[in-house]
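Hydrogens, waters and symmetry mates play no part in the numbers below; they use all other heavy atoms, side chains included. Within every chain, numbering begins at 1; the chains are lettered A, B, ... in the order of the sequence lines, protein sequences first and strands thereafter.
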Amino acid sequence: MPALAELESNYLEAKRDRGFQRELEYYLREYVGRPTPLYLAERLTKRLGGARIYLKREDLCHTGAHKINNSMGQVLLTRRMGKKRIIAETGAGQHGVATATSAAMFGLECEIYMGTEDMERQALNVFRMRMLGAKVIPVDTGSRTLKDAINEAMRDWTTNVRTTHYILGSVLGAHPYPMMIRDFQSIIGMEAKRQIMRLEKRMPDCLVACVGGGSNAMGLFYPFVNEKNVRMIGVEAGGLGIESGKHAARFAAGSIGVLHGTMTYLLQDEDGQISPTHSVSAGLDYPAVGPEHSYYRDLGRMEYAYATDDEAISAFDLLCREEGIMPALESAHAIAHLVKLAPTFGKDKIIIVNLSGRGDKDVNQVARIKGVAL
Amino acid sequence: MINRIDKTFKMLRSRGEPALIPYIMAGDPNLEKTGELVIEMAGQGADVIELGVPFSDPIADGPTIQKASERALKGMASLSKILTLVADLRRQVQIPIVLMTYYNPVLRYGVSRFVEEAVTSGVDGLIIPDLPPEEGQDLISYSKRLNLDIILLLAPTSTNERMKKISHASSGFIYYVSMTGITGARLDDIEDVRRKIDEIRGYTKKPISVGFGISDPVQAANIARFADGVIVGSAIVRKIEETGDDPILTKNVGEFVQSLKRGMTT
């Protein structure tokens, strides 16, 4: 609790500090490469035959995903707090790579917790983190995925709280994390809003983003919350299908509970034990969802759907072929839902999809799924 | 109404004796054995028993208790079975029993249903490490009404304001976590612990028990010089892990508990 209170007051101070905001803007522009384009996907639009489709190209950020928006913000905050050591958890490895990158740039010691199952699925990112000077600590407990990596990172933070800042990677965990990470990721939606106004002179009709913890979705959605006519749809991992029980669709099949310091929808059994999850995408393979998503879902402001592993793989292929863009398997879930959604919209409608990351990290796994030896 | 925990600390205080509070994971290696272990420990010098409720994601616990939790879950232990076990035990022992559980199983069970059934089963107190008092007002006030103690935690990083607040809100005793970290880690600086306990005593007359990192009779004895209670968990759980479901387990654990208590009282 004292650590969370300290973090909250430091963050709120930084948020009000123009100097801090200018510094963050500088690094996001010159180092991360913001603003990212809002790209009209013409061939995909034609192929699906409905709404005009724009892709918010977070895949073009330095390190290949939106994760660095948050890592950069929290690394600057770490420096401000005078802490020298950073820890983080990672699922797909994108948050780990982004954090290792930001830490390397500022010369901070960095250790990343990662489930051994994820280390296998995302071997390339493990190597990237090590190249960047981070220590990757394998987590071999529980389901050996993101959830267990968070457990271990929290244990580390409890132990080394005086010297260490824990850079949580999604809008999860105890306050102030969900709020702070939402704020750092809101740059996505703020840019998209400006860009669509310039390109189309009006608000979009619908936003679509994949939801693991939910940081890329919240980053895109949040600046549009007060635009009453903009629908927002988060897409969860349907895994092998809801009936199979092997998925990570918290809204489709979960119930309210408490995990990692937050009350939210999660997958649990009748005794309140957290259920194992499954997804082809390591970044969506987590049993709880960011609490603010639960809040807006219950308010009816945000909607949630899911896409299965197979649908995500098809969407991965589709985007490669139609647009020459290889999406991360996480983002492919958003595209998979778009495939169903866009044709139900008129041609005068506009959908923005958050392309949260690029798929280079997933090439090995996709090849394996397709039975191709590299 | 004075409950078993208050009565025990009062009695020990009058004898100038610190409380020994062993922790075991309920259902490890199985619930029947847990029952036997409780009775044995009560007979060998334990003053309060802390029973762990297994949880899939025990973030305050080190590897030893995590593994115990996994074993217990594999054996299908659950909150309701543990309450039944306590109710059965109450026909044989009157030692205070405290449940250490993470919040989600309680929430799932239903907070008021859980508090009521805990009381009727003969549970005397609860430790919920992932429920800060700010978030647990309903549970805390309902428990207090039914005379079920809510034991709150303080840590080396706790501020003065926090010490004041927790000292006031905690009932039964105050659980001082000896170091920043998780269960089963090594406790190096006992002087630090003593200093912090002195500070907490500035805020309260309630008993203060120390846990985390206390693994042998010498350490237990050193802590017992200034604390009202000594909690030993991982060291006992490790013995259970090593011996497993073997007839000799109960005797082994009993002897260890006896050696801890002997160290603390001489």
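Only the side chain of A/D148 comes within less than 4.5 Å of a heavy atom of chain B; its backbone N, CA, C and O stay farther away. Heavy-atom distances place no part of B/P63 under 4.5 Å from chain A, backbone and side chain included. Heavy-atom distances place no part of B/L79 under 4.5 Å from chain A, backbone and side chain included. In this structure, no portion of A/I150 lies under 4.5 Å from any heavy atom of chain B. Looking at B/L131, neither its backbone nor its side chain comes within 4.5 Å of chain A, counting heavy atoms on both sides. Contacts between B/F55 and chain A at a heavy-atom distance below 4.5 Å involve backbone atoms as well as side-chain atoms. Neither the backbone nor the side chain of B/E135 comes within contact range of chain A; no heavy atoms are under 4.5 Å apart.
A side-chain donor from one of A/Q268 and A/S255 sits under 3.5 Å from a side-chain acceptor of the other. A donor atom on one side chain and an acceptor atom on the other are not found under 3.5 Å apart for A/H293 and A/Y265. When only modelled atom types and interatomic distance are considered, A/H260 and A/N151 share a side-chain donor-acceptor pair under 3.5 Å. Side-chain N/O atoms of A/S71 and A/T99 include a donor and acceptor closer than 3.5 Å. A/D285 and A/T145 share no donor-acceptor pair across their side chains, judged by distance under 3.5 Å alone. Side chain to side chain, A/S281 and A/E330 meet the donor-acceptor criterion of an N or O pair below 3.5 Å.
Listed options A/R155, A/M154, A/E270, A/E152 were ranked by heavy-atom pairs under 4.5 angstrom with chain B; first place goes to A/R155. Comparing A/D269, A/L266, A/I256 by heavy-atom pairs within less than 4.5 Å of chain B, the highest count is held by A/D269.
Relative ring orientation between A/H165 and A/Y177 is described as parallel, the plane-to-plane angle staying below 30° on a 0-90° scale split at 30° and 60°.
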